[in-house]
Amino acid sequence: MCNMTVEDSSGEKPQQSRMESVVEALEEILSSSWPRGRITVGVYEAAKLLTEDPDGVVLCLLAADDHEQDVALQIHFTLIQAFCCDNYINILRVSNMRRLQEILSGWWSGDEPADLHCILVSAPPSSLWKDPALSRVNRFCRESRSSDQWVPVIHLPDR
């Protein structure tokens, strides 16, 4: 059996360039939302926010490296995913915790690193609802669900 892919005019595979676009959009969302106080980090902090204000959350990131086998973390992920699905919150699984930490490293204070396994992005002010980066990520999540991939996985490349 022969598998063929269609390439766009730039020579890149459409799926690869689409994924790069989503990664860039996600990095933009994270770096612009954190200083504005629209990011919640940590499994427990996220669960608290989801309980208090699920309508204010527009994106949930569940982050773990491929080799991470923490059973308790996987149980937390399952519960958070179920809650997000019930509340129509887009979810992304993200790998490369080191890159995620680099994106957000300049924004928190304290000696202990933040728990980046679960990150929630809160809704922007109404004037920013047309945020193109958020629109790209939301479209990617919607398209993934329509092809039966309920929780798409993206890998953040090293820089």
Side-chain angles (χ1 to χ4, degrees), residues 12 16-68 70 72-145 149-159:
E12 291 183 285
Q16 182 180 0
S17 61
R18 179 174 159 239
M19 189 61 70
E20 289 170 359
S21 172
V22 172
V23 167
E24 287 174 11
L26 179 60
E27 289 181 7
E28 185 178 325
I29 290 167
L30 292 173
S31 59
S32 67
S33 296
W34 185 272
R36 291 181 175 98
R38 293 183 19 233
I39 298 279
T40 300
V41 297
V43 172
Y44 297 107
E45 293 82 357
K48 183 178 177 184
L49 179 61
L50 287 170
T51 302
E52 293 172 357
D53 185 23
D55 294 333
V57 177
V58 293
L59 182 64
C60 175
L61 304 177
L62 300 175
D65 288 323
D66 296 332
H67 65 281
E68 203 162 340
D70 184 348
L73 182 62
Q74 296 305 318
I75 291 170
H76 288 298
F77 280 3
T78 301
L79 294 172
I80 290 170
Q81 281 178 210
F83 192 90
C84 288
C85 286
D86 285 347
N87 287 279
Y88 307 102
I89 298 169
N90 287 319
I91 310 165
L92 283 175
R93 292 286 298 245
V94 178
S95 64
N96 195 348
M97 293 286 290
R98 188 168 46 93
R99 177 65 185 135
L100 192 58
Q101 187 173 9
E102 287 172 5
I103 294 168
L104 297 173
S105 66
W107 300 108
W108 71 75
S109 58
D111 296 332
E112 283 191 40
D115 171 15
L116 299 178
H117 287 104
C118 184
I119 299 173
L120 299 180
V121 179
S122 296
S126 58
S127 62
L128 296 176
W129 267 110
K130 298 290 184 188
D131 179 2
L134 185 57
S135 296
R136 272 188 287 173
V137 171
N138 286 339
R139 184 176 354 142
F140 174 75
C141 290
R142 200 171 41 250
E143 290 169 357
S144 296
R145 280 193 305 273
Q149 185 180 8
W150 287 94
V151 182
V153 179
I154 62 170
H155 177 75
L156 296 174
D158 289 322
R159 303 269 165 146

I'd like to know if the side chain of Asp65 and the backbone of Asn96 have a donor-acceptor N/O pair within less than 3.5 Å. yes
Check for a donor-acceptor pair, side chain of Thr51 on one end and backbone N or O of Ala47 on the other, with a separation under 3.5 Å. yes
Please find the pair of heavy atoms, one from Leu26 and one from Val137, that lie closest to each other, and give the distance. N-CG2, 4.0 Å
Taking the side chain as C-beta and beyond, is there a heavy-atom pair between Ser122 and Ile39 under 4.5 Å? no
Please confirm whether the backbone N or O of Val22 pairs with a side-chain atom of Arg136, one donor and one acceptor, at under 3.5 Å? no
Reference residue Leu92; test side chain to side chain contact (heavy atoms under 4.5 Å, CB included); the match among Val151, Ile154, Leu62, Ile119: Ile154
What residue among Arg145, Arg142, Arg139 forms side chain to side chain contact (heavy atoms under 4.5 Å, CB included) with Asn90? Arg145
Asn87 (side chain) donor-acceptor with Phe83 (main chain) under 3.5 angstrom: yes
Please verify the inter-ring angle class for Phe77 with His117; under 30° counts as parallel, over 60° as perpendicular, anything in between as tilted. tilted
Interatomic distance, Gln101 atom CD to Leu156 atom CG [nearest 0.5 angstrom]: 12.5 Å
Check ion pair Glu102-Arg99 (N to O, under 4.0 angstrom): yes
Closest approach of Ile91 and Pro152, non-hydrogen atoms and distance? O-CD, 3.4 Å
Do any N or O atoms from the side chain of Arg36 and from the backbone of Ser32 form a donor-acceptor pair under 3.5 angstrom? yes
